[in-house]
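Notes to accompany the following structure.
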Amino acid sequence: NYVGGVCGGNVSDGKISNCRNTGSVTGNGNEIDVGGVCGYNEIHHVGSWRGGTITNCCNTGSVSGTGNEIYIGGVYGWSKGDNYDEVTIRNCYNTGSVTLTGTGTGTNYVGGVCGRNGNRSTITNCYWLSGTADEADASATKKTEDQFASGEVAWLLNQGQANGPWRQNLSGTDKDEYPVLGAAQSDTIVHKKADGGYENIVHDFGDNGFCIKAYCSACQPAELDDGVYQIGNAGQLYWFAEKVNGGEYDADAVLMTDIT
């Protein structure tokens with residue numbers, strides 16, 4: 001039995017990306033997996049199938065379960081790979097409460113990001129709000145309200161991505177408490193300052209297509225012309241590669257110049 005705010009079970013080549021859940025998620029029963037985004041993330045190896053992935057997702061709603069042998073997590077309940085391949089969870093966060101209610105018996109797992117992280121399941125660059133759950137897996141990092149509000153977590157979530165989708169307005173009356181998904185919103189991009197603080201400032205791409213701002217991995221998006229991406233520098237090539245590797249296998253591109 002799998003219960004999730006976005007999907008119940010994600011298996012074998014399944015990809016969940018750029019998704020957010022704000023509602024309450026509750027599971028009741030025995031041997032169930034409950035998650036703010038996904039209940040169960042696994043691979044059943046058949047032919048060339050690969051493991052399921054959860055990328056750039058968040059949960060802000062409460063997650064709870066009642067029963068025996070329950071795995072409850074802010075992002076997902078249980079995840080495991082197999083001898084052929086691994087499953088991955090990257091660049092996700094949770095700020096909702098995660099609780100086991102009632103008198104559950106047996107082995108129960110409760111965690112800020114994951115309930116139980118099984119064999120060949122990798123958590124990378126994921127965060128949860130301090131005080132929302134027990135720390136069930138050290139692979140996810142606990143952050144305070146101030147660290148979320150400062151822009152630190154939004155900046156961290158985008159690290160290592162050519163086109164990280166996380167944004168956060170850090171000032172004004174419409175200031176965001178937490179990171180939001182909005183890759184098209186250039187005015188709320190978060191950069192790290194030299195003094196260790198964070199600020200909203202747009203990317204500044206050099207001739208090679210890479211952002212010249214310190215501590216930034218962003219790459220220049222390629223322009224679309226009649227359904228084909230025009231690749232004119234190394235940064236745009238990295239940007240396009242990330243799109244294809246993320247599952248947009250039918251995307252087309254043309255190289256407009258030599259890249260060295």
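Side-chain atoms of N169 and N200, non-hydrogen and from C-beta on, do get closer than 4.5 Å to each other.
Evaluation of the ring-ring contact (aromatic ring centres under 6.0 Å, His included) test over residues 241-260, restricted to residues two or more places apart or in two chains, returns none. Note on residues 222-235: pairs passing side-chain hydrogen bond (donor to acceptor under 3.5 Å, both in side chains), not counting sequence neighbours, are Q220-N233. Among pairs with a residue in residues 146-169, those fulfilling salt bridge (Lys or Arg N to Asp or Glu O under 4.0 Å) read K143-E152, at least two apart in sequence or across chains.
Legend: residues meeting side chain to side chain donor-acceptor pair (under 3.5 Å) with D33, ordered by chain and number and at least two apart, are absent. Annotation: salt bridge (charged side-chain N to carboxylate O under 4.0 Å, His left out) contacts of K243 (sequence neighbours excluded): E248. Residues passing the side chain to side chain donor-acceptor pair (under 3.5 Å) test with N30, sequence neighbours excluded: N68. With sequence neighbours excluded, the residues satisfying ring pair (Phe, Tyr, Trp, His ring centres under 6.0 Å) with H203 are H191, F205. With sequence neighbours left out, the side chain to side chain donor-acceptor pair (under 3.5 Å) criterion links S64 to T26.
Grouping Ile, Leu, Val, Met, Phe, Trp and Tyr residues whose side-chain heavy atoms lie under 4.5 Å apart, directly or via other members, places Y238 in a hydrophobic cluster with F210. V180 forms part of no hydrophobic cluster, judged by ILVMFWY side-chain heavy-atom separations under 4.5 Å. Clustering of Ile, Leu, Val, Met, Phe, Trp and Tyr side chains at separations under 4.5 Å places L156 together with Y93, Y127, L129, F148, V153, W155, L157, W166, L170, Y178, L181, V190, Y198, Y215.
With 3.5 Å as the limit, one finds no donor-acceptor pair spanning the side chains of T53 and T88.
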Would you mind writing out the side-chain donor-acceptor pairs for residues 251-260 within the sub-3.5 Å range, not counting sequence neighbours?
none

